[in-house]
Peer 1: 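Take this structure first; my questions come after.
One-based numbering along the sequence shown.
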Amino acid sequence: MRNIIFAIVLLQLSTQLAAENENTAQLEDQARNLAAQLGMQLKARLQTAMQTGGPASAISTCNVSAPEIADELSTDGWTVGRTSLKLRNPGNSPDEWEHSTLLAFEQQLASGMPAAGLQNSVIETDDGVTRYRYMKAIPIDTVCMACHGEAISGDVKSVLAEKYPLDAATGYKPGQLRGAFTVSKILTDNEAD
C-alpha cells in the first residue's frame, strides 16, 4: 500500500512539474516574442529616420518612439522595456536583477559568447508577488554606431546633449553589449489579498 501511495504522489509531482515547465516555456516564448517586436519596430523606425533625416533625426525618433512602442507592447499583464549599464535615459535604470543579468551578459560576452544569443529568465517571488522575468541582450550593430559609437559627429552630440543631458551611452564598438530588452509579467499577487 505504501508503494502505491508513493507512486501516486510521484505521479502527481511529475505531472505538476511538467505543467510548470510547459507554462514556463510558454512564458518564455511570449517574452521572447515581445522583446523581438520591440527590437524590430524600433529598428525599423530608426532606419527610416536615418534615411530621411540622418542620425540627429534618429535620436529624436528614438526619444519618442522607444517608450511609445514599449507602452503599446505592454498589454495583457506584460511590461516591456529596455535597460543598460550605460544609460542614455535614466528612466531605464536597471533594478537589481536586471543589473546582475547585464553583468552576467558582459562576462559571457567576454568569454566568447555572441551578444545576440544572450538571454536569461527567472520566476521570482518578492513581497507576495510572483513574477516571470526575461531579458534578451541588445548587441551594438552598424546602425547604432552613429549615435552610440566612438566617433560621433558634432550635430549628433548637440542633439544628444539636448535630449539626453545625462547620456552615458557612447563609446561602443560593434558587437559590444548595448543593453537588454527586459520583459516581465506578474503571475500572482498575494499582497493584494
Side-chain angles (χ1 to χ4, degrees), residues 28 31-71 73-74 79-122 133-184:
E28 186 166 315
R32 187 180 295 124
N33 183 32
L34 288 167
Q37 285 183 53
L38 176 55
M40 288 184 297
Q41 289 182 36
L42 183 56
K43 190 172 186 176
R45 289 188 194 182
L46 289 174
Q47 287 175 328
T48 300
M50 291 280 283
Q51 291 168 355
T52 59
S57 175
I59 294 166
S60 295
T61 297
C62 189
N63 181 268
V64 173
S65 293
E68 282 179 354
I69 297 167
D71 286 346
L73 294 172
S74 294
T79 303
V80 182
R82 299 175 304 154
T83 191
S84 179
L85 294 173
K86 291 174 63 176
L87 294 170
R88 177 151 284 169
N89 177 353
N92 294 336
S93 295
D95 64 20
E96 187 177 326
W97 180 77
E98 291 167 334
H99 188 264
S100 64
T101 298
L102 288 165
L103 291 174
F105 286 171
E106 289 281 7
Q107 290 176 341
Q108 292 170 320
L109 188 63
S111 73
M113 292 185 71
L118 300 176
Q119 62 181 11
N120 187 24
S121 65
V122 67
R133 303 188 75 186
Y134 172 83
M135 285 178 69
K136 172 87 171 99
I138 303 170
I140 287 285
D141 66 12
T142 53
V143 74
C144 307
M145 296 306 291
C147 302
H148 291 285
E150 295 175 300
I152 298 175
S153 70
D155 63 330
V156 170
K157 285 181 183 178
S158 288
V159 175
L160 285 174
E162 176 191 331
K163 299 284 184 192
Y164 301 103
L166 302 175
D167 182 32
T170 59
Y172 287 100
K173 296 175 183 165
Q176 287 185 313
L177 182 67
R178 167 62 190 101
F181 298 111
T182 182
V183 181
S184 67

Peer 1: Just wondering, do Pro174 and Thr142 contact through their side chains at under 4.5 Å, heavy atoms?
Peer 2: no

Peer 1: Hey, could you give me the CG/OG1 distance between Asn89 and Thr83, rounded to the nearest 0.5 Å?
Peer 2: 10.0 Å

Peer 1: Would Arg32 and Lys136 count as a side-chain contact (heavy atoms from CB on, under 4.5 Å) here? Give the steps.
Peer 2: CA-CA 8 Å; Arg32 187 180 295 124; Lys136 172 87 171 99; 5.5 Å; no

Peer 1: How many angstroms lie between CG in Leu42 and CD1 in Ile69, if you round to the nearest 0.5 Å?
Peer 2: 5.0 Å

Peer 1: Please table the atom pairs, donor to acceptor, closer than 3.5 Å between any side-chain atom in residues 102-115 and protein atoms at least two apart or in another chain.
Peer 2:
residue, atom, partner, partner atom, Å
Ser111, OG, Gln108, O, 2.8

Peer 1: To check you understand the geometry: which heavy-atom pair defines the closest contact between Ala70 and Leu38, and what is its length?
Peer 2: N-CD1, 4.0 Å

Peer 1: Of all residues at least two apart in sequence or in a different chain, which pass the side chain to side chain donor-acceptor pair (under 3.5 Å) check with Thr79?
Peer 2: none

Peer 1: Within a strict 4.5 Å, meaning less than it, do heavy atoms of the Leu87 and Leu166 side chains meet?
Peer 2: no

Peer 1: Could you list the residues that satisfy side-chain contact (heavy atoms from CB on, under 4.5 Å) with Asp155, not counting sequence neighbours?
Peer 2: Ala56, Ser153

Peer 1: Ignoring hydrogens and geometry, is there a side-chain-to-backbone donor-acceptor pair from Ser100 to Trp97 under 3.5 Å?
Peer 2: yes

Peer 1: Report the residues that fulfil side chain to side chain donor-acceptor pair (under 3.5 Å) with Thr101, sequence neighbours left out, ordered by chain and then residue number.
Peer 2: Asn120

Peer 1: Using the test side-chain contact (heavy atoms from CB on, under 4.5 Å), find all partners of Asp167 that sit at least two apart in sequence or belong to another chain.
Peer 2: Arg88, Leu160, Tyr164, Ala169, Thr170

Peer 1: Any side-chain heavy-atom pair from Phe181 and Val80 closer than 4.5 angstrom?
Peer 2: no

Peer 1: Nearest 0.5 Å, please: how far is SG in Cys144 from CG in Leu46?
Peer 2: 8.0 Å

Peer 1: Quick one: salt bridge (charged side-chain N to carboxylate O under 4.0 Å, His left out) pairs with a partner in residues 43-54, sequence neighbours left out?
Peer 2: Lys43-Asp141, Arg45-Glu68

Peer 1: Between Met50 and Pro55, is there a side-chain heavy-atom distance shorter than 4.5 Å?
Peer 2: yes

Peer 1: Are His148 and Lys86 side-chain neighbours, meaning at least one heavy-atom pair lies under 4.5 Å?
Peer 2: no

Peer 1: If the condition is side chain to side chain donor-acceptor pair (under 3.5 Å), which residues does Ser84 pass it with, not counting sequence neighbours?
Peer 2: Arg178

Peer 1: Determine which pairs satisfy salt bridge (charged side-chain N to carboxylate O under 4.0 Å, His left out) with at least one residue from residues 157-166, sequence neighbours left out, and list them in order.
Peer 2: none

Peer 1: Does Gln47 reach the main-chain N or O of Ala44 with its side chain, forming a donor-acceptor pair under 3.5 Å?
Peer 2: no

Peer 1: Return yes if some donor-acceptor pair links the side-chain N/O of Thr182 with the main-chain N/O of Met135 below 3.5 Å, else return no.
Peer 2: no

Peer 1: Got a sec, which residues hit side-chain contact (heavy atoms from CB on, under 4.5 Å) with Ser121, two or more places apart in sequence or on another chain?
Peer 2: Glu28, Tyr132, Tyr134

Peer 1: Using side chain to side chain donor-acceptor pair (under 3.5 Å) as the criterion, list what pairs up with Ser74, not counting sequence neighbours.
Peer 2: none

Peer 1: Mark yes when over 12 heavy atoms from residues, nucleotides or ligands other than Glu150 sit less than 6.0 Å from its CD; otherwise mark no.
Peer 2: yes

Peer 1: Please identify each residue that fulfils side-chain contact (heavy atoms from CB on, under 4.5 Å) with Ser158, with sequence neighbours left out.
Peer 2: none

Peer 1: Could you tell me whether the side chain of Met145 reaches within less than 4.5 Å of the side chain of Ile140, counting heavy atoms only?
Peer 2: yes

Peer 1: Salt bridge (Lys or Arg N to Asp or Glu O under 4.0 Å) with Arg82: which residues, sequence neighbours excluded?
Peer 2: none

